[in-house]
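Have a look at the structure below before the remarks.
Note that the numbering runs from 1 along the sequence shown for the chain.
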Amino acid sequence: MRQSSAAVALLAPAVVGGLGLPAAASAHTGPPQARAAWVTTCELPVEGTSPCGPWHLLLRDGRKVTVSDSAARAKGRATSLFALSGDGRTIVYQRARDHRLVVRAAAGGPVRELPSSFRPGGEDGALFLSPVGDRVLAGGKGHVKVLTLATGRITRLTVKGDPAGFSGDGDEVLATRDLSDGTKWLYSHGLDGRTLRSPAPQFVANAVALALSSDGHTVAAFSSGDPGRGTPPRTRTYDLETARLSDGVNLPLTSDTPPDHARWAPDGTLVAYSYDSGTTKSTVVRVLTVDPASGQARRTDTYKVGPDSHTIVFPGE
């Protein structure tokens, strides 16, 4: 189902609100949004540097919220899985006492247990929330499950490669596959069973962040830049149907801090997240908004996370 961004925005409050989870009315109304989630770093006698304690949220209103029942580590993984919806209003995570997946509003409230059979898998497992938090993806290489929270329906998808998140409207799943000959393939798996695939051109294959549009076939790719040549990170879009690669847009970032994650916003713009790492001080996060149509890119937000953050998760990741 390929509805316009406007239609998705209108439908989201009815679908999600019926669950007791926050409705995605707009970026400035409704329940508080989370800007980021993180788990802190500890030095352990045997393991060395390790995530420890529960996960934390930084809300847009400035508050810091501790997700007290969340696990920092999980069996078979160095760090437990944690995901934020694209609108920042819903979270899903592994509960500390039994590592079961649970979902709740970012600002707090009742916790909903997901089915015990709905698990992300082992070391290569992935966990994502849809843009408005009405669907949860769990799985890994080869197979994923998508749970629609309003109905409880689970859709099983056979995917090629590794799942990389939902499309901008949550109706498709992006997956990537690296072949032994050095090429990369991109896949758009629709929840309706439709699949698009295409070999990735070099710029897309080398990208540090990818995001699938709500049209189900346009992929935004972000490069890291080249410090040797003095070129900044860039973004281009690639069409899985036509194999058309757009012109590039330079980003107001340096190659030292390339985008770490990107997502499509409901208005058709791109949101990219970059942060400084490798320090025990608070991590500085820079948020960019990119308009693929006009080629304009600007910084729209800056904030700090931490200190001592081991892993950071952004909305849509």
- Distance-only, no hydrogens or angles: does the Arg234 side chain make a donor-acceptor pair with backbone N or O of Gly248 under 3.5 Å? yes
- Query: Do the side chain of Ser80 and the main chain of Ala71 share a donor and acceptor less than 3.5 angstrom apart?
  - Reply: yes
- Message: Take a 6.0 Å sphere around NZ of Lys160 and say whether it holds more than 12 heavy atoms from other residues, nucleotides or ligands.
- Response: no
- Message: How close do Leu240 and Ser188 get, counting heavy atoms only, and between which atoms?
- Response: CD1-CB, 3.8 Å
- Message: Please report the interatomic distance NE2(His99) to OG(Ser70), rounded to the nearest 0.5 Å.
- Response: 10.0 Å
- Item | Cluster check Val65, Val103: I/L/V/M/F/W/Y, side chain < 4.5 angstrom | no
- Query: What are the two closest non-hydrogen atoms of Ala200 and Ala205, and how far apart are they?
  - Reply: CB-N, 3.9 Å
- Query: Does any N or O in the side chain of Arg236 come within less than 3.5 Å of the main-chain N or O of Ser246, such that one atom is a donor and the other an acceptor?
  - Reply: yes
- Determine yes or no for a side-chain-to-main-chain donor-acceptor pair under 3.5 angstrom, with Thr311 supplying the side chain and Val39 the backbone. no
- Item | Carboxylate-amine/guanidinium contact Asp171 Arg135, below 4.0 Å | yes
- Query: Do Leu84 and Val111 belong together in a cluster built from hydrophobic side chains that touch within less than 4.5 Å?
  - Reply: yes
- For the side chain of Arg298 and the backbone of Thr289, is there at least one donor-acceptor N/O pair under 3.5 Å apart? no
- Checking side chain to side chain contact (heavy atoms under 4.5 Å, CB included) against Pro51, which of Thr41, Thr40, Thr79 comes through? Thr79
- Message: For Asp69 and Tyr93: C-alpha separation, side-chain torsions, deciding distance, then whether side-chain contact (heavy atoms from CB on, under 4.5 Å) applies.
- Response: CA-CA 9 Å; Asp69 62 339; Tyr93 56 93; 2.8 Å; yes
- Strictly by modelled atom types, are Thr66 and His56 linked by a side-chain donor-acceptor pair under 3.5 Å? yes
- Query: Are Leu137 and Leu174 connected in a single hydrophobic cluster, I mean Ile/Leu/Val/Met/Phe/Trp/Tyr linked by side-chain heavy atoms less than 4.5 Å apart?
  - Reply: no
- Message: Do Phe118 and Leu149 sit in one hydrophobic cluster, given that two such residues count as connected whenever their side-chain heavy atoms are within less than 4.5 Å of each other, even indirectly?
- Response: yes
- Task: Using the rule that two of Ile, Leu, Val, Met, Phe, Trp, Tyr join whenever any of their side-chain heavy atoms come within less than 4.5 Å, decide whether Ile154 and Leu114 are in one cluster.
- Result: yes
- Message: So Pro259 and Leu288, do their side chains get closer than 4.5 Å, heavy atoms only?
- Response: no
- Message: I need the minimum non-hydrogen distance between Ala211 and Arg263, along with the two atoms involved.
- Response: CB-CA, 4.0 Å
- Would you indicate whether Lys304, at its atom NZ, is surrounded by more than 12 heavy atoms from other residues, nucleotides or ligands within a distance under 6.0 Å? no
- Item | Euclidean distance, His189 NE2 relative to Leu196 CG, rounded to 0.5 Å | 10.0 Å
- Donor-acceptor contact below 3.5 Å, side chain Gln296 vs main chain Asp291: no
- Evaluate the ring planes of Trp55 and Phe82, with Trp represented by its six-membered ring, and classify them as parallel (under 30°), tilted (30 to 60°) or perpendicular (over 60°). parallel
- Item | Shortest non-hydrogen contact from Ser167 toward Pro131 | O-CG, 3.4 Å
- Provide the closest heavy-atom pair for Ala138 versus Leu101 in the form atom of the first, atom of the second, distance. CB-CD1, 4.3 Å
- Task: Could you tell me whether a side-chain N or O of Arg197 sits under 3.5 Å from a main-chain N or O of Pro199, the two making a donor and an acceptor?
- Result: no
- Query: Can we say Asp192 and Arg194 salt-bridge, meaning some charged N sits less than 4.0 Å from an Asp/Glu carboxylate O?
  - Reply: no
- In Å and rounded to the nearest 0.5 Å, what is the OG to CD distance from Ser223 to Gln202? 11.5 Å
- What is the minimum heavy-atom distance between Ser224 and Pro258, and which atoms define it? CA-CB, 3.6 Å
- Is there a donor-acceptor pair closer than 3.5 Å between any side-chain N or O of Thr218 and the backbone N or O of Asp239? no
- Task: Give a yes or no answer on whether the side chain of Ser85 reaches the backbone of Leu129 with a donor-acceptor pair at less than 3.5 Å.
- Result: no
- Note on the structure: salt bridge (Lys or Arg N to Asp or Glu O under 4.0 Å) with Arg286: of Asp276, Asp260, Asp301, Asp256, only one passes, and it is Asp276
- Dump the intermediate steps for side chain to side chain donor-acceptor pair (under 3.5 Å) on Tyr238 and Ser198, then the final yes or no. CA-CA 10 Å; Tyr238 179 66; Ser198 176; 2.7 Å; yes
